[in-house]
Amino acid sequence: MLLLKMKQAALVALLVFWIPFANAHTESAESWISNIWDQFKEAVDCTSCQALLGGLKLVAGFGDNFMIDVLTGVCDISGAEDPDVCAGVIAGEGPSVHYSLKNLKIGSHTANTFCASLVGLCKYPKVREYDLTFPAPKPSTSRPPPSGEPPIKVVHFSDTHVDLAYETGSNYACSKPICCRTYNENDAPGNTSSPCGPWGNSRCDPPHRLQESMNDAIADLNPAFSIYTGDVVPHDVWLNDKSEVLENFNATYGAMEKSLGQVYAALGNHDSAPLNLFPSSKVPSSYNPQWAYDALTANWISLTGLPSIESADEYGSYSVLHPNSNLRIISYNSIFYYKYNFFAYTEPMEYDPNGQLKWLIDELQAAETASERVWLISHIPYGNSDHFHDHSHYFDQIVQRYDATIAALFFGHTHLDEFQVSYSDYNNRTWDTATAMGYIAPSMTPTSGPPSFRVYDIDPVTFGVLDFTQYIADINAPEQTSPEWVPYYSAKEAYGSKLASPVTDPSAELSPAFWHNVTVAMENDPTVFGDFWARRTRGYKVPSCTGDCISGEICALRGADAQYNCYVQKVGFSFEKRDSLGEGARERVLPECNHAGMAPLLAKIAQRASIAREMEKH
Ligand SMILES: *[C@@H]1O[C@H](CO)[C@@H](O)[C@H](O)[C@H]1NC(C)=O
Ligand SMILES: *[C@@H]1O[C@H](CO)[C@@H](O)[C@H](O)[C@H]1NC(C)=O
Ligand SMILES: *[C@@H]1O[C@H](CO)[C@@H](O)[C@H](O)[C@H]1NC(C)=O
Ligand SMILES: *[C@@H]1O[C@H](CO)[C@@H](O)[C@H](O)[C@H]1NC(C)=O
């Protein structure tokens, strides 16, 4: 049995070279490095991407350490990152890549999804239908109208990414994915002409004191409670380990516990080490970051003030009733559906990892029966370009079934100020078919705009969103003075007055139809789109966006079911340098988190390979 499995993988490899085993690793690693590098250079379409996967699968057949050596060698040749970054990233995530690659069936839905979503070389495969069963038929009820009661304030912040190793005065122009650390003596304070300020820099994750400053500003507003949509850990992904992650949890959640009241939090893709890797229960438990789930659960219990939050330690999802209210908050693990979670490419790709969708249906059904209102909070917006289409569609069907019970959905991850509208009919997206509203809050880390948090005005009965005000801070404040957190814009004021039928009444809900109408106003008036576009990065390096870029972005705002978001993965695009944000175009409009980890590294290697191929031709 074992022999049979090995045979397939090893046979071709053995034909390529036959060396006594003792030497096989050094010598064969070298020949495989150039072999795989050549295959990267030849990877220009879906067929050659599958061939590359076939080659990687053969390498994986020699064990995870061998595969890690080969990929690290290829990364070094490509010059995609500094050698220590190549080595750290690949050593961290390599075992998971090995796990899924060694069983990958070339040409399968899984392999096609891999080539489509990671390197853009295959067409994104069609959504596989999956029959979700609902315990009861959809009732004829619809979203309740606003109660007219005085609103409560709820704060939403996300993607804090505090860097405990941040050093004021160190170099912000380093060669690593994040700076403001002393990686070598030239980066040290006093030795660099590009010193980081005391409160942060756009090339760096922020210092702990920025979070303390934000927490103080939030506490001053005295919200009823807050929501935090994840990503505690900074982007030093090639160095992340368990002890660093736990230290980060302790510092970030500790600071929240100290100065904020009740907070409901969600799991981020960075909230483990290595990042992104949250296997389902189908994968051997030795790969499961149980320690991260356990630590987060302990912090989340303290933050919610509830005696326990059932099931959070299983895979990071929980459902709780906000005290003295009929608001149910459901926090779910969206990383199961994230294209950079290599465990998701385990053959065959699962329809419902850990039965989470089934669990969501049960929770929503119980909420509907009990006439509760529901908020769904999670890290990755389900219409985002890095969310699997299959699971986005399944999730959307659940949202459609319970659209009268779900008051709103709240996300982070993209670091940008965005939103996403769900529809009952994606072939006919109108204000009348708009059924649910996903709010995407920008980040605190200043890598794609000034640090930011959001304050919603919430109807205390329906828990619908009546308005929100986005706050930002200027991180260039001097050492002695805390940054000032100031209102940036308010949604109703900024967009409500621009609609064909203006919405300015403070007690009106920002309903799914309202937001659809905002997208119509964007179509009709480029200045409405332009204002949204600038607010997206809080005015930072606003890329030019005209013509097809505008229609693509509007399509994405209307694309909660990801297969309809009009997004096309371009070969190697993920590797655009942050600095090129200024050049615009849909494919450059990237979640900053995508700059970190092994998947973007593979894509960057592919891009370097295509440049090498072009240079060899000329
Ligand atoms: C600054 O650079 C000098 C040599 O160029 C080195 O001796 C010194 O240790 C560096 N400072 C720090 C803090 O690393
Ligand atoms: C956790 O954070 C507190 C301060 O909030 C600190 O005193 C303590 O040493 C930290 N523990 C660990 C294990 O880092
Ligand atoms: C689109 O939706 C609207 C509003 O529900 C409806 O009136 C119209 O008939 C629909 N059009 C199509 C082509 O389904
Ligand atoms: C959206 O626009 C339509 C058409 O102009 C209008 O009938 C409807 O009342 C608007 N809805 C909201 C919530 O603004």
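One-based numbering along the sequence shown. Read the numbers this way: they start at 1 and go in the same order the structure lists the ligands and their atoms.
Within the listing of ligand 3, atoms 4 (C), 5 (O) sit less than 4.0 angstrom from a heavy atom of Asp432. Under a 4.0 Å criterion applied to the non-hydrogen atoms of Ser501, ligand 4 contributes the atoms 5 (O), 6 (C). Per-residue contacts place Phe514 under 4.0 angstrom from the following atoms of ligand 4 (heavy atoms of the residue considered): 13 (C). The contact set between ligand 4 and Val503, taken as ligand atoms under 4.0 Å from a residue heavy atom, comprises 14 (O).
Applying the side chain to side chain donor-acceptor pair (under 3.5 Å) test to residues at least two apart or on different chains, the pairs with a partner in residues 512-530 are Tyr423-His516, Tyr439-Trp515, Thr519-Arg558, Glu523-Arg558, Asp525-Thr527. Residue pairs satisfying the salt bridge (Lys or Arg N to Asp or Glu O under 4.0 Å) criterion with at least one member in residues 428-442, sequence neighbours excluded, are absent.
Between Arg181 and Asp163, at least one side-chain N (NZ, or NE/NH1/NH2) sits under 4.0 Å from a carboxylate O, which counts as a salt bridge.
Residues Thr433 and Ser424 bring no donor and acceptor atom of their side chains to less than 3.5 Å of each other. Asp159 and Thr445 share no donor-acceptor pair across their side chains, judged by distance under 3.5 Å alone.
Here the rule is disulfide (SG to SG under 2.5 Å) with Cys204, and of Cys179, Cys180, Cys196 only Cys180 fits it.
Residue contacts with ligand 4 for Val520 are absent, since no atom lies close enough (heavy atoms, distance under 4.0 Å).
Between Ser511 and ligand 4, no N or O atom pair is found at a separation short of 3.5 Å. Any N or O atom pair closer than 3.5 Å counts here, and Thr433 shares no such pair with ligand 3.
If you look at ligand 1, the protein residues with a non-hydrogen atom under 4.0 Å away are Glu185, Ala188, Asn191.
Side-chain atoms of Thr192 come within 3.5 Å of backbone N or O of Ser194 as a donor-acceptor pair.
Contact record, Cys75 with Ile90: CB-CD1, 3.9 Å, taken as the closest heavy-atom pair.
Looking at residues two or more places apart in sequence or on another chain, you find no salt bridge (charged side-chain N to carboxylate O under 4.0 Å, His left out) involving Asp396.
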